[in-house]
A.B. asks: 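Dropping a structure here in structure tokens format, bear with me for questions.
All of these numbers come straight from a predicted model, not from anything done at the bench.
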Amino acid sequence: MSEDVRLVAWVRGRVQGVGFRWFTRAKALEIGDLRGFALNLGDGRVQVVAEGSRERCERLLDWLQTGDTPGRVDGVTEIWDTPRGGYEAFAIR
């Protein structure tokens, strides 16, 4: 049984105003059993927080880094942590 993890990723590039958060939520729902959010930051990046199994979080991270995302991803910085909970679903903020 895989234990749940928390992924926090900061995505930089042309990722605001192109539907990036919406597509990220759609991908998280497609992967399934992920909770968290995608949020536009003031500096032009998008922050993605996902909690769920490590395998599911890694699938989302792979998509953020190399998938067919809207806009243009120049890079992704991520950290891994223990889940904090408090999310009922995957949301756009």
A.B. asks: Indicate if V11 and V49 have the same hydrophobic cluster label, given that clusters are the connected sets of ILVMFWY residues with side-chain heavy-atom separations under 4.5 angstrom.
C.D. replies: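 No, V11 does not connect to V49 through the hydrophobic network.
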A.B. asks: Quick one: does V73's side chain get under 4.5 Å of W63's, heavy atoms only?
C.D. replies: no
A.B. asks: Kindly indicate whether the side chain of W10, heavy atoms from C-beta on, has any atom under 4.5 Å from the side chain of I79.
C.D. replies: yes
A.B. asks: What distance do E78 atom CD and E58 atom CD have between them, rounded to the nearest 0.5 Å?
C.D. replies: 9.5 Å
A.B. asks: Would you say that L34 contacts L60 through its side chain, given a criterion of any heavy-atom pair below 4.5 Å between the two side chains?
C.D. replies: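 When only atoms from C-beta onward are counted, L60 and L34 do touch, with a gap below 4.5 Å.
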A.B. asks: Distance check, rounded to the nearest 0.5 Å: L41 atom CG versus Q47 atom CD?
C.D. replies: 5.5 Å
A.B. asks: At their closest point, which heavy atom of C57 faces which heavy atom of L7, and how far apart are they?
C.D. replies: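 Minimum heavy-atom separation between C57 and L7: O-CD2, 3.6 Å.
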A.B. asks: Go through the steps to decide whether V48 and V46 satisfy the test side chain to side chain contact (heavy atoms under 4.5 Å, CB included), and finish with yes or no.
C.D. replies: CA-CA 6 Å; V48 177; V46 171; 4.1 Å; yes
A.B. asks: Would you say that W80 contacts L61 through its side chain, given a criterion of any heavy-atom pair below 4.5 Å between the two side chains?
C.D. replies: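 Yes, side chains in contact.
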A.B. asks: Nearest heavy-atom pair of G44 and V15: which atoms, and what distance?
C.D. replies: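 For G44 versus V15, the nearest heavy atoms are O-CG2, 3.6 Å.
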A.B. asks: Do F23 and T69 pass the side chain to side chain contact (heavy atoms under 4.5 Å, CB included) test, and can you show the C-alpha distance, the side-chain angles, and the key distance before you say yes or no?
C.D. replies: CA-CA 7 Å; F23 275 91; T69 61; over 6 Å; no
A.B. asks: More than 12 foreign heavy atoms under 6.0 Å from CG of D68: is that the case here?
C.D. replies: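 Check fails, neighbour count at 12 or below.
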A.B. asks: Would you say K27 and L64 make side-chain contact, with heavy atoms under 4.5 Å?
C.D. replies: no
A.B. asks: Determine whether F90 and R35 make a side-chain contact, defined as any pair of heavy atoms from C-beta on separated by less than 4.5 Å.
C.D. replies: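 A side-chain contact is absent here, since even the closest heavy-atom pair is not under 4.5 Å.
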A.B. asks: Working to the nearest 0.5 angstrom, can you tell me the gap between E51 CD and F37 CZ?
C.D. replies: 9.0 Å
A.B. asks: Quick one: are S53 and D4 in side-chain contact, heavy atoms under 4.5 Å?
C.D. replies: yes
A.B. asks: If every non-hydrogen atom of N40 is compared with every non-hydrogen atom of Q16, which pair is closest and at what distance?
C.D. replies: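 Where N40 meets Q16 most closely, the heavy atoms are OD1-CG, 3.3 Å.
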A.B. asks: Within the structure provided, determine whether R21 and L39 are in side-chain contact (heavy-atom separation under 4.5 Å).
C.D. replies: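 No; the side chains remain at least 4.5 Å from each other.
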A.B. asks: Check the hydrophobic clustering (I, L, V, M, F, W, Y; side-chain heavy atoms under 4.5 Å; chains of links allowed) and say if W22 and V18 are grouped together.
C.D. replies: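 Yes, one cluster joins them.
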